[in-house]
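Here the structure is laid out as structure tokens; the discussion comes afterwards.
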Amino acid sequence: MAHAEDAEYANEPLEFQSAEGRNNILGFWIFIGAEFALFSTLFATYFVLVNRTVGGVSAGHLFALDLVLIMTFLLLTSSFTCGLAIHAMRSGKVKQMINWMILTLILGLGFVGFEIYEFWHYAHEGATLSTSAFWSAFFVLLGTHGLHVSVGIGWITLLLIQVKRRGFTPRTTSKVFIASLYWHFLDVIWIFIFTGVYLMGLGGL
Amino acid sequence: MKWDEFIITGDPLILGAQISILISGIGAVFVLTYFKKWKWLWDEWITSVDHKKLGIMYILIAILMFFRGGIDALMMRTQLAAPNMTFLDSLHYNEIFTTHGTIMIIFMAMPFLIGLMNVVVPLQIGARDVAFPFLNNLSFWTFVIGMGLFNISFIIGGSPSAGWTSYMPLASNELNPGPGQNYYLLGLQISGIGTLATGVNMMVTIFKMRAKGMKLFMMPMFTWTTLITSMIIVLAFPVLTIALAEMTFDRLFGTHFFNLTNGGMPMLWANLFWIWGHPEVYIVALPAFGIFSEIISTFSKKRLFGYNAMVYSIIAISVLSFLVWVHHFFTMGSGAVVNSFFSITTMAISIPTGVKIFNWLLTMHKGRISFTTPMLWSIAFIPNFVIGGVTGVMLAMAAADYQYHNTYFLVSHFHYVLIAATVFACFAGLIYWYPKMFGHKLNERIGKWFFWIFVAGFNICFFPQYFLGLDGMPRRINVYGVEDGWFALNFISTVGAFIMGLAFIILVYNIYYSFRYSPRETTGDSWDGRTLEWATSSAIPPHYNFAKVPEVTSMDAYWKMKEEGIDPNKIEKYEKIHMPSNTALPFVMGCFMFLVGFGLVFEWFWMGIVGGIGIFACMAFRSFDYNDGYYVSVEEIEETEKRAREAK
């Protein structure tokens with residue numbers, strides 16, 4: 001934990017000013033690399049099993065573009081508001097940052113809500129985890145993403161309490177910055193899901 | 001589930017194991033209570049975030065697992081010693097080869113090397129600790145929980161029996177009912193999380209915490225291999241995580257990823273498993289190469305020949321390791337084009353590996369070699385590993401593989417590679433860094449007995465297996481007939497296995513003997529070393545590692561200091577040092593992980609949910625924990641350093 005070189009980072013944003021913050025951010029980027037490998041495996045599974053509905057309900061039957069567009073809109077907008085929150089953080093505005101983050105969380109909750117509705121709806125139409133290999137792959141891929149979003153919501157909520165109590169310090173800002181990286185990452189994964197799962201599914205590919 | 005199904009009964013071997021576990025458990029509790037060591041155990045070890053202590057605990061458990069996996073091996077070899085043996089029935093034999101493979105790779109080789117990395121890498125790069133000390137402790141406990149969960153399977157509920165590769169549909173509910181396979185899935189899953197965290201931790205440590213002046217191309221070779229290994233871990237382990245999760249879903253929640261019904265695809269498992277599994281081979285091989293590089297250079301009194309070529313070779317190997325997985329199932333119908341591609345990539349790995357072999361040989365060339373025990377292991381590694389490697393190239397030819405696959409030729413090949421590289425390196429590294437960890441060397445004379453007996457036993461055990469394989473003996477069989485004509489070679493092989501078992505006893509005796517009688521070392525530089533770990537005092541260097549972090553101007557930094565007559569321990573004025581505090585949270589999280597794992601194994605979902613809530617509660621608690629660690633005072637550093645100097 002050498003702090004000798006910290007002086008070189010005095011002009012950087014607050015989250016980069018401590019050695020610990022810099023280590024955590026690099027560590028998290030590496031972790032995101034692992035998360036990419038994780039989701040790649042899920043996508044690989046999905047594409048291998050994509051046509052294996054064994055004559056049962058298929059993607060084209062159930063996917064509804066309007067629902068997916070609403071979810072996409074919610075999540076992409078939340079990434080934008082998350083960016084605004086970090087912008088506010090860089091300008092040192094605690095209250096503004098918290099407000100943008102709360103909006104982000106509300107959008108995220110909306111996304112999760114629609115996803116739960118979607119799963120419930122599919123289950124009623126006769127598509128569950130155990131219907132066929134295709135639906136197993138679908139629910140596990142989407143479920144993993146949805147679980148990540150839910151964890152993100154809980155995580156950022158805890159961080160907002162800490163920022164409220166402590167204000168912006170190298171410690172709190174690096175935590176919030178890392179959570180924002182995570183949030184954008186989930187957005188990127190969603191774009192792959194949107195194209196690879198929904199658009200291709202609706203197109204009957 | 002009935003009580004007598006829950007606790008396995010009725011098998012004398014398992015009864016014996018249960019009794020010995022009970023006795024040693026009671027013994028441990030008694031000793032700790034009698035000597036009033038509970039607090040010491042908790043404060044100094046269980047909650048410690050000191051990378052050296054965590055490393056030592058990793059190695060300790062790895063040696064225990066070496067014993068357990070070794071007993072499995074001896075039981076298999078006993079069953080195969082002669083035709084028509086009835087020592088183990090087929091189910092029991094299946095369980096034993098499954099646990100032997102899994103334990104030796106996941107719970108012996110990896111933790112042994114991760115233990116050495118933990119002890120050595122921060123010292124080699126002149127760091128005070130790893131980048132994330134809390135996470136390091138958490139990694140250790142996830143590993144212990146995964147290991148524990150896997151190991152209790154054989155007394156509670158029954159061991160997995162589908163092989164360490166757990167091919168579907170053999171590992172499915174239909175063909176493998178009972179909790180055994182669930183133990184495999186959950187045990188590997190939990191310990192895998194810890195391994196991934198270690199990979200991230202090591203990468204950040206090496207990128208960010210090197211001593212001033214140490215460029216990437218001045219890093220010691222073991223640090224380099226740790227870095228590249230960590231990268232492989234970070235990219236390969238998530239594949240295992242998903243594969244295990246999908247199979248867990250198949251078994252517990254009725255999904256159809258790998259089933260034969262409802263569109264599932266068993267080959268998908270084989271692919272995912274080996275996309276992780278082949279890089280895994282290099283996760284345990286590359287650090288071994290690093291260890292040999294350090295030792296050969298130190299005991300040849302020369303800097304490593306072709307350092308840059310070495311680095312580029314390990315990078316090349318790490319890339320290729322992701323491109324060869326299909327060679328594990330050439331015969332499963334991938335087609336000629338796919339097989340050819342993977343045949344060529346597999347053979348390509350022998351090129352950078354060959355470069356490394358020649359570099360080691362040329363490091364020794366014209367060196368002043370001292371034949372210490374670590375050096376003997378390193379020298380023995382080269383021919384034995386080459387035997388394994390050359391037979392590997394034979395197996396890599398897809399067409400020829402149709403002849404060898406699933407025979408003892410293959411078994412012999414991977415034991416030659418893994419034992420000659422990984423196991424030899426574990427022994428070499430343990431002996432080499434032993435004085436750094438414990439302040440005294442292992443006895444060299446007993447060490448040489450250990451070396452010669454083990455290497456002899458190893459070759460007696462596995463060389464005949466090449467011929468058994470060429471004679472057509474399939475692997476994974478538990479019985480053969482007189483008419484097969486495999487008796488003589490099998491018997492020789494079994495004798496070799498028991499000779500290795502004898503060698504293990506000598507190793508354990510050596511640890512005891514050296515603890516009692518070896519002279520204590522005081523200099524810290526036990527072998528006239530070249531790298532920074534030898535620049536600080538020994539017997540677990542103080543928790544802050546270096547009183548003053550050294551500055552580095554070249555490779556083999558400590559050697560250069562010695563040449564220039566600089567004493568890194570001569571410090572005018574000490575400064576206070578910032579260190580992280582101990583923590584009990586990872587241990588508590590580990591207990592909750594155990595609840596999750598154990599609950600899911602028996603499909604007691606309420607228990608899994610309780611454990612899951614506990615884990616998230618711990619994470620939330622950690623998020624609010626703003627403990628900033630503490631400062632080691634100048635007086636304490638002066639005191640510690642003075643004691644180390646006076647001992648001189």
Side-chain angles (χ1 to χ4, degrees), chain A residues 1-5 19-20 22-45 48-56 128-137 139-141 143-144 151 154-155 157-159 161-162 165-166 169 171-172 175 179, chain B residues 127-133 135 196-197 199-201 203-205 207-209 211-212 230-231 233-243 245-246 249-250 253-259 261-265 267-268 271-272 275-276 544 549 577-580 616 619-620 623-624 626 628-629:
Chain A
M1 294 198 173
H3 299 290
E5 80 276 29
E20 193 192 358
R22 292 192 297 276
N23 282 356
N24 288 350
I25 290 166
L26 176 65
F28 199 79
W29 274 112
I30 295 170
F31 177 72
I32 286 181
E35 288 272 81
F36 259 107
L38 188 111
F39 276 102
S40 306
T41 313
L42 284 170
F43 276 110
T45 310
V48 165
L49 301 176
V50 71
N51 288 320
R52 299 189 157 233
T53 51
V54 246
T128 63
L129 267 179
S130 52
T131 306
S132 64
F134 166 74
W135 287 107
S136 300
F139 281 112
V140 170
L141 170 60
T144 308
V151 168
W155 178 14
T157 309
L158 296 179
L159 294 186
I161 299 170
Q162 293 168 33
R165 281 193 195 160
R166 294 165 183 272
T169 66
R171 202 76 175 276
T172 54
K175 284 183 174 194
Chain B
R128 297 238 182 266
D129 203 334
V130 293
F132 310 119
L135 189 68
L196 178 69
V200 175
N201 209 341
M203 277 178 75
V204 178
T205 306
F207 278 133
K208 286 280 202 179
M209 303 188 58
K212 204 173 165 200
S230 302
M231 289 181 184
I233 287 175
V234 167
L235 289 177
F237 264 77
V239 182
L240 179 71
T241 303
I242 291 300
E246 289 176 345
F249 269 64
D250 270 5
F253 306 116
T255 55
H256 302 284
F257 288 105
F258 312 124
N259 290 347
T261 54
N262 285 43
M265 197 192 251
M267 274 309 291
L268 181 61
N271 278 285
L272 291 181
I275 288 172
W276 161 78
Y544 50 78
V549 172
I577 295 168
H578 185 246
M579 293 302 291
F616 277 107
M619 287 165 80
S623 177
F624 280 92
Y626 276 73
D628 263 327

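In this structure, chain A has heavy atoms under 4.5 Å from both the backbone and the side chain of B:Tyr626. When heavy atoms are compared at a cutoff of 4.5 Å, A:Leu49 approaches chain B solely by way of its side chain, counted from C-beta outward. With a 4.5 Å cut-off on non-hydrogen atoms, A:Thr131 touches chain B through its backbone but not through its side chain. In this structure, chain A has a heavy atom under 4.5 Å from the side chain of B:Phe616, while its backbone stays farther away. Proximity to chain A involves both the backbone and the side chain of B:Phe624, based on heavy atoms less than 4.5 angstrom apart. In this structure, the portion of B:Phe132 lying under 4.5 Å from any heavy atom of chain A is its side chain and not its backbone.
Checked against ring pair (Phe, Tyr, Trp, His ring centres under 6.0 Å), A:Phe31 has the following partners two or more places apart in sequence or in another chain: A:Phe28. Take B:Asn262 and apply the side-chain contact (heavy atoms from CB on, under 4.5 Å) test, not counting sequence neighbours, and it matches A:Val54, B:His256.
A donor atom on one side chain and an acceptor atom on the other are found under 3.5 Å apart for A:Gln162 and B:Ser623.
Here the CG-CG distance, from B:Asn201 to A:Asn23, works out to 9.5 Å after rounding to the nearest 0.5 Å. Distance check, rounded to the nearest 0.5 Å: CG of B:Leu240 to CG of A:Leu38 gives 11.0 Å.
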Item to check | Worked check of side chain to side chain contact (heavy atoms under 4.5 Å, CB included) between A:Phe139 and B:Thr255 | outcome: CA-CA 10 Å; A:Phe139 281 112; B:Thr255 55; over 6 Å; no
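Ranked by heavy-atom pairs shorter than 4.5 Å toward chain A, the options B:Ile233, B:Val204, B:Thr205, B:Asn271 are led by B:Val204.
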